[in-house]
Amino acid sequence: MDTQTPTSRWAAHPQALNVMYANLEAYALQRQNAFVGTAGSVIERENANGVRFYVHQFYDATGKQRERYLGGPVGAPDANTKADELRARIVELKALVPTFRMLGREGFNLIDPRAYGTIAALHNRGVFEAGGMLIGSHAYGVLLNRMGIRVAAYTTDDVDIARREELAFERLPERDFLAMLSESGIEFLEVPGLDRKSPATSFKQRGRGGFHVDLLVPSKNETFPVVPVPELRAFATGLPYLGYLLAESQTGMVVAREGCCAVRLPLPERFAIHKLVVSRLRTGRNTKSQKDIDQASVLLAVLATTHAGAIESAVAALPRRAVKHLRAALASMRPALADRLPRAWEELTVHLR
């Protein structure tokens, strides 16, 4: 089924593909650890004393071949057990790789190796289990996959990680946020803000590439303060109305060509409404604001068709001080939304009259 939205054309995936995706998601949600690169292989090495040991050889998020010590000496019960367990995980994942790639060819959103390695590293450290959330365009891709929807291709170089309140780790992490990111194999650097005296809240891959990771928390007003995140020994940028977006969450899965891992992400209806609100707060960034509106419009079109009442509930929960921004966003969208998506328009406006 093809449906024309105000900004994009979307189509529902065949049910067989949606079932396949759901089965992969169930697999990902059961795994406590994910490979941060390729599955690789278990091989033997020998040290200067002639002792043989096991290593895990794989390609990391940058495409560089790496080896990680696994155990030894070869033949020792503990070392053999570790090697056998890892071989089993490798075989299991490699059997799924053709399915990942097939889903990508069929229009499901697959993330690039750098983003996947970074997200997998945070997953392995329990960030999402403790309440951290993936937001931004990568979360948008996961939401589309979970809703069984294919849209026109979009690009993003950023990974946005947010938390509403202190992350509920069973034990505080031994490593800080920057060190966690670097477990992807990518060398990250702190990005200085406009105020050089202010702590960094963004992390960039060393070199000329544009790959960034941003750490975000709710702002108490419509400013963008720098806020400490003690449990990660890091700082984050406060984002207006982010608390609304993060108030409810769901689990999901990011997929790459070589792997998958579990994440936590917002509900699609709140994601769409928050995008509309934020689009009115951006100044001098028309391209970014239009992307916000485009993503919101696609989700609203799908939700109105498949999840009656979800949009209305999301609007009803919006903080009162944010309503003026939603009204302004809808005013610019009314000609297209009211005519082409009357059901979505009705749910968007029922509480604004």
Side-chain angles (χ1 to χ4, degrees), residues 3-8 10 133-137 139-144 147 149 151 154 156 160 162 164 214 216-225 237-250 265-353:
T3 304
Q4 185 68 41
T5 74
T7 56
S8 179
W10 63 271
M133 287 198 212
L134 178 69
I135 62 173
S137 291
Y140 173 66
V142 178
L143 292 174
L144 293 175
M147 297 168 77
I149 299 302
V151 302
Y154 64 92
T156 180
D160 295 325
R164 185 169 184 256
D214 293 322
L216 301 162
V217 297
S219 173
K220 294 180 180 179
N221 48 43
E222 293 187 359
T223 63
F224 299 81
T237 298
L239 190 65
Y241 307 113
L242 186 61
Y244 163 79
L245 176 66
L246 306 181
E248 296 184 82
S249 67
Q250 60 184 323
L265 62 153
L267 301 185
E269 55 268 29
R270 290 201 179 220
F271 188 96
I273 299 303
H274 184 258
K275 283 288 185 182
L276 294 181
V277 170
V278 170
S279 74
R280 308 306 299 181
L281 297 176
R282 299 190 190 276
T283 57
R285 302 181 69 182
N286 291 336
T287 300
K288 191 84 170 179
S289 294
Q290 188 57 53
K291 185 172 79 169
D292 290 336
I293 292 173
D294 289 348
Q295 293 182 359
S297 297
V298 170
L299 293 177
L300 291 170
V302 179
L303 287 165
T305 304
T306 61
H307 294 75
I311 300 171
E312 181 179 344
S313 296
V315 174
L318 189 66
R320 293 188 63 181
R321 65 182 186 278
V323 170
K324 62 183 179 182
H325 301 301
L326 179 59
R327 287 184 187 275
L330 293 178
S332 65
M333 301 168 66
R334 178 167 186 154
L337 274 176
D339 293 338
R340 298 185 182 181
L341 297 171
R343 189 166 182 174
W345 183 258
E346 175 68 22
E347 291 197 38
L348 282 166
T349 59
V350 66
H351 292 291
L352 303 182
R353 296 168 185 168

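Quick note: residue numbers are just sequence positions, from 1.
- Between Ser313 and His307 there is no side-chain heavy-atom pair separated by less than 4.5 Å.
- Between atom CG of residue Leu303 and atom CD1 of residue Ile149 there is a gap of 9.5 Å, rounded to the nearest 0.5 Å.
- Taking both residues in full, the closest heavy atoms of Gly136 and Asp160 are given as CA-OD2, 3.7 Å, listed atom of the first, atom of the second, then distance.
- For the pair Leu330/Leu348, a side-chain contact is recorded, criterion being any heavy-atom separation below 4.5 Å from C-beta on.
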>> What verdict does the side-chain contact (heavy atoms from CB on, under 4.5 Å) test give for Leu300 and Leu341, after you've listed the backbone C-alpha separation in whole Å, the side-chain angles of each residue and the deciding distance to 0.1 Å?
In response: CA-CA 9 Å; Leu300 291 170; Leu341 297 171; 5.6 Å; no
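- Of all the heavy atoms in Pro240 and Leu281, the pair that sits closest is CB-CD1, 3.7 Å.
- Contact annotation: the side chain of Val315 never approaches that of Glu347 to less than 4.5 Å [non-hydrogen atoms, C-beta and beyond].
- Just one of Leu246, Asp214, Leu265 meets the side-chain contact (heavy atoms from CB on, under 4.5 Å) condition when paired with Ile135; it is Leu246.
- Taken from CG in Asp292 to OH in Tyr140, the straight-line distance is 11.0 Å, to the nearest 0.5 Å.
- Taking CG of Leu299 as the start and CG of Leu144 as the end, the distance is 6.0 Å to the nearest 0.5 Å.
- In this structure, the separation between NE2 on His274 and CD on Gln295 is 12.5 Å, given to the nearest 0.5 Å.
- Across Leu276 and Ala296, no two heavy atoms sit closer than the pair CD2-CB, 3.6 Å.
- Closest heavy-atom contact between Leu134 and Ala139: O-CB, 3.2 Å.
- The OG1 atom of Thr349 sits 7.5 Å away from atom CZ of Arg334, with the distance rounded to the nearest 0.5 Å.
- Contact record, Tyr244 with Ala314: OH-O, 2.7 Å, taken as the closest heavy-atom pair.
- Heavy atoms only, all atoms of each residue included: Pro268 and Gln250 are closest at CD-NE2, 3.4 Å.
- With Met147 as reference, Val302 is the one residue of Val142, Val302, Val298 to meet the side-chain contact (heavy atoms from CB on, under 4.5 Å) rule.
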>> Using the rule given for side-chain contact (heavy atoms from CB on, under 4.5 Å), can you reason through Leu326 versus Tyr241, listing the C-alpha separation, both sets of side-chain angles and the distance that settles it, and then say yes or no?
In response: CA-CA 12 Å; Leu326 179 59; Tyr241 307 113; over 6 Å; no
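- Distance CZ/Arg164 to CE/Met133: 8.0 Å, rounded to 0.5 Å.
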